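These numbers come from a predicted model, not from an experiment.
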Amino acid sequence: MISSIPKWLADLFGSSLRPNVKVLETHYISSHIKKIRFQGDISKWSFQIGYANVIRVTETEYRNYTVAYHDKKKGIFDIIFHIHGNGVGSQYMDTLKANDELFVSLPRGKKFYEPNVQQQFIFGDETSLGLVCSLLPLLKKHKHQFHFYFELDEANKSVPALLDLENYTVFQKNGSFRNEKWINDLPVFQTTDWKEARFILTGNVKSVQTFRKVLKHRRTGKISSQGYWLEGKKGL
Ligand SMILES: Cc1cc2nc3c(=O)[nH]c(=O)nc-3n(C[C@H](O)[C@H](O)[C@H](O)COP(=O)(O)OP(=O)(O)OC[C@H]3O[C@@H](n4cnc5c(N)ncnc54)[C@H](O)[C@@H]3O)c2cc1C
């Protein structure tokens, strides 16, 4: 994924990258998690679980974000942003307020939802909250057995409850998900219940890679994974 394009190229694409949506309202769920509702013509957008939208965050920089909720009839959609403060995307989202206009691409990417798999296990962090919010209604509607594992900063540990999520466990973001032995000892592996589950792994690249390695070693489940961010790397 290209996270920045030269200004001359952006100018060349000119009108197609011009603001196409407006901010309707913003809300901080915690000091570092901001939910923004946008309005625009989304009638032709295809919303699939796992897809992401590219948002123009400066003249030349673009970042990926996931739609958490949408209503095509009303032309509205929500995105949940991790305001981590380390990058231009996060800083830009922090400044956004009602009536601001910006460019958001149509959704595209990896499809994560497999309706035929009864058990679904999802791992992620703050950047995965939108994915989880979009997935939960389907998991409930189709009566899947499901569970979410989140690694979250202390400041965000109440966010899953505030988003009305269910069947989740919150772990402190302290590097534990980089430790294969520690992952092996997690409750999910102390039973055979999840042996045939689909594991959807998102969030920090290193955590995703370590969790994936453990699943592979244990020959547990089917895996879909996508790292959403990596220390020291701009845009993924
Ligand atoms: C498919 C996909 C879907 C995504 N959906 C969402 C979403 O719905 N909500 C969301 O908030 N993010 C989401 N992300 C992650 C987001 O695109 C990245 O976090 C992105 O790097 C943020 O851009 P930035 O300009 O703030 O930081 P960058 O300029 O990309 O990075 C600058 C520095 O910040 C660090 N950094 C980046 N992200 C984080 C973070 N989360 N926590 C701590 N440090 C960080 C980097 O390691 C780097 O050192 C998604 C990513 C992908 C690939």
Side-chain angles (χ1 to χ4, degrees), residues 1 3 21 23-40 42 45-57 62-72 74-85 87 89-90 92-94 96 102-113 120-141 146-153 155-168 170 173 200-205 207-208 224-230 235-236:
M1 163 64 204
S3 57
V21 306
V23 174
L24 266 190
E25 56 190 40
T26 71
H27 167 61
Y28 281 88
I29 299 168
S30 74
S31 53
H32 293 90
I33 301 289
K34 185 176 183 180
K35 181 152 107 176
I36 302 184
R37 175 155 291 181
F38 300 93
Q39 185 163 47
I42 58 170
W45 289 12
S46 165
F47 293 92
Q48 305 287 337
I49 304 298
Y51 275 13
N53 303 57
V54 170
I55 301 187
R56 186 177 198 172
V57 296
Y62 298 80
R63 296 289 185 266
N64 273 297
Y65 296 97
T66 312
V67 168
Y69 167 81
H70 72 276
D71 182 331
K72 273 197 181 184
K74 292 185 181 155
I76 56 168
F77 63 97
D78 296 345
I79 297 183
I80 299 171
F81 297 98
H82 184 202
I83 309 298
H84 55 84
S90 158
Y92 177 66
M93 300 314 165
D94 203 11
L96 281 181
L102 62 155
F103 170 77
V104 180
S105 80
L106 45 77
R108 83 282 171 268
K110 270 191 177 182
K111 287 185 194 174
F112 277 151
Y113 178 55
Q120 313 250 351
F121 199 97
I122 297 92
F123 167 74
D125 64 10
E126 286 87 350
T127 61
S128 318
L129 292 165
L131 168 75
V132 165
C133 287
S134 67
L135 184 55
L136 181 64
L138 282 175
L139 295 175
K140 287 172 74 173
K141 185 174 163 195
F146 64 93
H147 199 92
F148 305 116
Y149 269 5
F150 293 113
E151 60 166 346
L152 298 177
D153 288 327
N156 304 320
K157 67 179 183 193
S158 318
V159 171
L162 295 169
L163 288 172
D164 289 329
L165 297 180
E166 296 169 27
N167 298 357
Y168 62 83
V170 173
K173 198 189 287 170
I200 301 171
L201 313 177
T202 61
N204 178 270
V205 169
S207 299
V208 166
S224 300
S225 66
Q226 185 172 19
Y228 281 1
W229 69 279
L230 174 64
L236 277 189

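Here the straight-line distance linking atom CD1 of Ile55 with atom CE of Met93 works out to 4.0 Å at 0.5 Å rounding. Summarising the geometry, atom CD1 belonging to Ile49 is positioned 5.5 Å from atom CG belonging to Leu135; distances are rounded to the nearest 0.5 Å. Going from atom CD1 of Ile42 over to atom CZ of Phe47 covers 4.0 Å, rounded to the nearest 0.5 Å. Of the inter-residue distances, the one linking Ile122 atom CD1 with Leu131 atom CG reads 7.5 Å to the nearest 0.5 angstrom.
Counting heavy atoms from C-beta on, the side chains of Pro160 and Leu152 come closer than 4.5 Å. When side chains are defined from C-beta on, Tyr113 does not count as touching Gln48, because their heavy atoms never get closer than 4.5 Å. Looking only at side-chain heavy atoms (C-beta outward), Leu139 and Gln120 come within less than 4.5 Å of each other. Looking only at side-chain heavy atoms (C-beta outward), Asn204 and Phe123 stay at 4.5 Å or farther from each other. Residues Ser224 and Lys110 fail the side-chain proximity criterion, which asks for heavy atoms closer than 4.5 Å.
Partners of Phe77 under the ring-ring contact (aromatic ring centres under 6.0 Å, His included) rule, at least two apart in sequence or in another chain, are Phe38, Trp45. Contacts of Ser158 classified as side chain to side chain contact (heavy atoms under 4.5 Å, CB included), with partners at least two apart in sequence or in another chain: Leu162. Under the rule for a side chain to side chain contact (heavy atoms under 4.5 Å, CB included), the partners of Val208 that lie at least two apart in sequence or sit in another chain are Leu201, Ser225. The ring-ring contact (aromatic ring centres under 6.0 Å, His included) search around His147 returns Phe121, Tyr149, not counting sequence neighbours. Shown here are the side chain to side chain contact (heavy atoms under 4.5 Å, CB included) partners of Lys74, two or more places apart in sequence or in another chain: Asp71, Ile76. By the side chain to side chain donor-acceptor pair (under 3.5 Å) test, Ser31 pairs with no residue at all, sequence neighbours left out. Partners of Gln226 according to the side chain to side chain donor-acceptor pair (under 3.5 Å) rule, which considers only residues two or more places apart in sequence or in another chain, do not exist here. Taking Phe81 as the reference, Tyr65 meet the ring-ring contact (aromatic ring centres under 6.0 Å, His included) condition, with sequence neighbours excluded. In this view, Phe112 satisfies the ring-ring contact (aromatic ring centres under 6.0 Å, His included) rule with no residue, not counting sequence neighbours. By the side chain to side chain contact (heavy atoms under 4.5 Å, CB included) test, Glu25 is found to be paired with Arg37, residues two or more places apart in sequence or in another chain being considered.
Of all heavy-atom pairs between Asn64 and Ala52, the closest is OD1-CB, 3.8 Å. Among all heavy-atom pairs drawn from Val57 and Gly89, the shortest one is CG1-CA, 3.8 Å. Taking every heavy atom of both residues into account, Gly40 and Val21 meet most closely at CA-CG1, 4.3 Å. Scanning both residues, Arg108 and Asn53, for their nearest heavy atoms gives NH1-N, 4.4 Å. Between Leu236 and Tyr228, the shortest heavy-atom distance links the atoms CD1-C, 3.6 Å. The nearest pair of heavy atoms linking Leu165 to Tyr168 is O-CE2, 3.3 Å.
Residue pairs meeting the side-chain hydrogen bond (donor to acceptor under 3.5 Å, both in side chains) criterion with at least one member in residues 124-138, sequence neighbours excluded: Asp125-Thr127, Asp125-Trp229, Glu126-Asn156, Glu126-Lys173, Ser128-Thr202. Within the structure, every pair that satisfies the salt bridge (Lys or Arg N to Asp or Glu O under 4.0 Å) test and touches residues 156-166, not counting sequence neighbours, is listed here: Lys140-Glu166, Glu154-Lys157.
Residue Ile80 is tested with Val132, Leu129, Thr66 for a side chain to side chain contact (heavy atoms under 4.5 Å, CB included); the sole match is Leu129.
With hydrogens and angles ignored, the 3.5 Å screen pairs a side-chain donor or acceptor of Ser90 with a backbone N or O of His84. Between the side chain of Lys35 and the main chain of His27, no donor-acceptor pair closer than 3.5 Å is present. For Arg63 (side chain) and Arg56 (main-chain N/O), no donor-acceptor pair under 3.5 Å exists by modelled atom type.
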Step-by-step side chain to side chain contact (heavy atoms under 4.5 Å, CB included) determination, His82 to Asp153 = CA-CA 11 Å; His82 184 202; Asp153 288 327; 3.9 Å; yes
